[in-house]
Amino acid sequence: MKYISTRGKAPAQTFEQVLLTGLAPDGGLYVPEELPKFSKDEIARMAGLSYPQLAQKIITPFIDGAIPDDDLQEIIENSYKAFSNKAIAPLRMLGANEWVLELYCGPTLAFKDFALQLLGNLLDYVLKRRDQKVVILGATSGDTGSAALEGCRHSDNVDIFILHPHQRVSEVQRRQMTTVVGDNVHNIAVKGNFDDCQRIVKAAFGDQSFLPEGRQLVAVNSINWARIMAQIVYYFYASLQLGGPHRPVSFSVPTGNFGDIYAGYLAKQMGLPIKQLIIATNSNDILHRFMSRNDYAQGDLKHTLSPSMDIMVSSNFERYLFDLFGRDGKALAEFMTGSHSIDPARWKQAQEVFESASVDDESTCEVIRDVFAENEFLIDPHTAIGVKAARQCNADSSVPMICLATAHPVKFADAVTKAGLNTPQLPVHLRDLFEREEHYAVVDNGLNAVTDYIRATL
Ligand SMILES: *Cc1c(COP(=O)(O)O)cnc(C)c1O
């Protein structure tokens, strides 16, 4: 299987090449040239598999022989070993045909562990085999950073640098990053905001001449294809628990960068019977505005109680738009130069695939309160947005509605307190988080300050 760029001007790449890079040279994102498809019978035969066994079935065609089966199996098993629940992704019933899929049993308590544990192990395997060292560089507003550090800290062939905006991430989130121990782990607090961090990362990828000879940068944000691939698995897993593929299920997905919901869209394209796919956004609602009004104008950034979805542009949406534009990279490249709406016929097509809702902070707190009153079950603000969107959009109560629970509420104490509830305790493996020693450098807000620091540290 080859991977092609959404902008149509970069050469096709293998899985291994795509794993070891970021954006395509033409500025696009890599997608498979053709998706693997599973028949109903094939999916039915996956029922009863453990999470790692199922992951192997789903992932194998994407890897396309780049890793021998036995090795892949070991990589996958290791990736889900540190999860605190043997089900890996347990389903919990909230109400009649309403479910949450708990995706926060990984080491950093957010769904990003599903992809980044696997990505770390895939990188480690491939780099050892190539006898190559790389530098991972990423920016985080919170959850990505800790999940990436946890996923990559064991790899001798990786140095990982994670930028976060100085004094602008929550204390739990900062400590989850800065207390990760490893010679190859480096936290940089940039004296700026998250956009500044992202700009610096993008510029560094554009000109990598600051790196020592033979080193290259690898991306760990969701433009890395392997992350999307890993997330497809839990859509199949959830459906199979609830009678799939013989009956359809629906998903409501809290999303900012369109990574998680795009994986759901791919699961559907691969043959999984999915009825509704609901895009749930906070007040940073570019995706909801597009779906409801064909308005793709970039708004101002709003700081909400669900900070992991505080974005202005949704980078993975480009991968879906590529399909919507009939895989015409040239037309998409033109659109991406700043258009605010698309051809109405195409837009109608998108509306047939996705529904959407935008949920503000006040409703988020309300839902956290409601769900706690109904079930004595505490959800985090991102999850609450998914639940609220599901309740707004659910058209057919005979179809199970699965809301993806993307983080543990302990990570977002602000929202829980604002909802009038008590913050839960940290899980056992993190209980001493506030006593652990922190390691991070505070660096000026600029490309050179950051690249100088990286060069000096390597
Ligand atoms: C990253 C994140 C999201 C959004 O994920 P997308 O890839 O943008 O869909 C939602 N919730 C939490 C808790 C996150 O960390």
Side-chain angles (χ1 to χ4, degrees), residues 29 89 100-117 119 138-151 162 164 169-170 172-173 176-177 194 198 219-232 234-235 251-267 277-288 301 304-320 354 356 358-359 364 368 378-389 403-416:
L29 284 83
V100 285
L101 184 66
E102 295 178 33
L103 298 175
Y104 49 74
C105 304
T108 73
L109 312 180
F111 83 99
K112 292 190 170 71
D113 288 325
F114 276 84
L116 284 160
Q117 286 287 310
L119 179 61
T140 187
S141 57
D143 298 328
T144 302
S146 53
L149 293 166
E150 276 295 337
I162 296 293
H164 71 263
V169 296
S170 80
V172 171
Q173 287 184 320
Q176 279 191 300
M177 294 190 278
F194 175 58
Q198 272 195 312
V220 285
N221 56 8
S222 56
I223 62 169
N224 192 311
W225 168 259
R227 276 187 62 177
I228 303 289
M229 173 186 82
Q231 291 171 206
I232 298 170
Y234 48 70
Y235 286 90
F251 287 96
S252 179
V253 187
T255 193
N257 248 329
F258 204 75
D260 208 359
I261 183 120
Y262 176 65
Y265 161 79
L266 292 178
L277 268 176
I278 301 170
I279 298 170
T281 76
N282 63 23
S283 304
N284 295 289
D285 61 351
I286 183 166
L287 291 169
H288 175 60
L301 185 71
T304 71
L305 291 173
S306 44
S308 301
M309 304 186 339
D310 287 348
I311 51 90
M312 294 186 294
V313 263
S314 256
S315 48
N316 278 294
F317 197 52
E318 175 163 347
R319 287 186 157 122
Y320 170 66
F354 298 105
S356 70
S358 155
V359 179
T364 303
I368 295 176
L378 191 59
I379 55 175
D380 101 292
H382 305 82
T383 306
I385 287 170
V387 171
K388 175 76 182 175
C403 308
L404 301 198
T406 50
H408 191 294
V410 75
K411 293 191 91 165
F412 300 98
D414 261 14
V416 173

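Start at 1 and go down the list; that is how both ligands and their atoms are numbered. Residues take their numbers from the sequence shown, with the count starting at 1. Excluded from the calculations below are hydrogen atoms, water molecules and symmetry mates; all remaining heavy atoms, backbone and side chain alike, are included.
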Ignoring hydrogens and angles, state whether a donor on the side chain of [X] or [Y] is under 3.5 Å from an acceptor on the partner side chain.
| X | Y | answer |
| --- | --- | --- |
| Asp260 | Tyr234 | yes |
| Asp310 | Thr304 | yes |
| Asn224 | Arg227 | no |

Need the ligand 1 atom indices (1-based, order shown) with element for anything under 4.0 Å from a heavy-atom of [X].
| X | value |
| --- | --- |
| Asp260 | 6 (P), 7 (O), 9 (O) |
| Ala407 | 13 (C) |
| Phe258 | 8 (O), 9 (O) |

**Prompt:** Short N/O distance, under 3.5 Å, between His382 and ligand 1?
**Reply:** no
**Request:** Could you check whether the rings of Tyr265 and Phe354 sit parallel, tilted or perpendicular, using 30° and 60° as the cut-offs?
**Result:**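 Tilted, since the angle between the ring planes falls between 30° and 60°.
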**Prompt:** In terms of ring plane angle, is the pair Phe258 and Tyr320 parallel, tilted or perpendicular, where the classes change at 30° and 60°?
**Reply:** tilted
Looking at [atom], what's its closest protein heavy atom, distance included?
| atom | answer |
| --- | --- |
| atom 9 (O) of ligand 1 | Thr255 OG1, 2.6 Å |
| atom 4 (C) of ligand 1 | Gly256 N, 3.9 Å |
| atom 8 (O) of ligand 1 | Asn257 N, 2.5 Å |
| atom 12 (C) of ligand 1 | Thr406 OG1, 3.5 Å |

**Phe111 near ligand 1 by a heavy-atom separation under 4.0 Å** =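 Distance cut 4.0 Å: Phe111 passes for ligand 1.
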**Request:** Quick one: closest heavy-atom pair of Ser252 and Gly386, and the distance?
**Result:** OG-O, 2.7 Å
**Message:** Tell me if a side-chain donor or acceptor on Ser358 pairs with a main-chain N or O of Asn282 at a distance below 3.5 Å.
**Reply:**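 Flag set: sc Ser358 to bb Asn282 pair under 3.5 Å.
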**Prompt:** So which of His382, Gln173, Gln176 actually passes side-chain hydrogen bond (donor to acceptor under 3.5 Å, both in side chains) with Lys411?
**Reply:** Gln176
**Asked** How does Asp143 reach ligand 1, by side chain, by backbone, by both or by neither, if only non-hydrogen atoms under 4.0 Å count?
**Response** side chain
**Request:** Give the contacting part of Lys112 toward ligand 1: side chain, backbone, both or neither, where contact means a heavy-atom distance below 4.0 Å.
**Result:** side chain
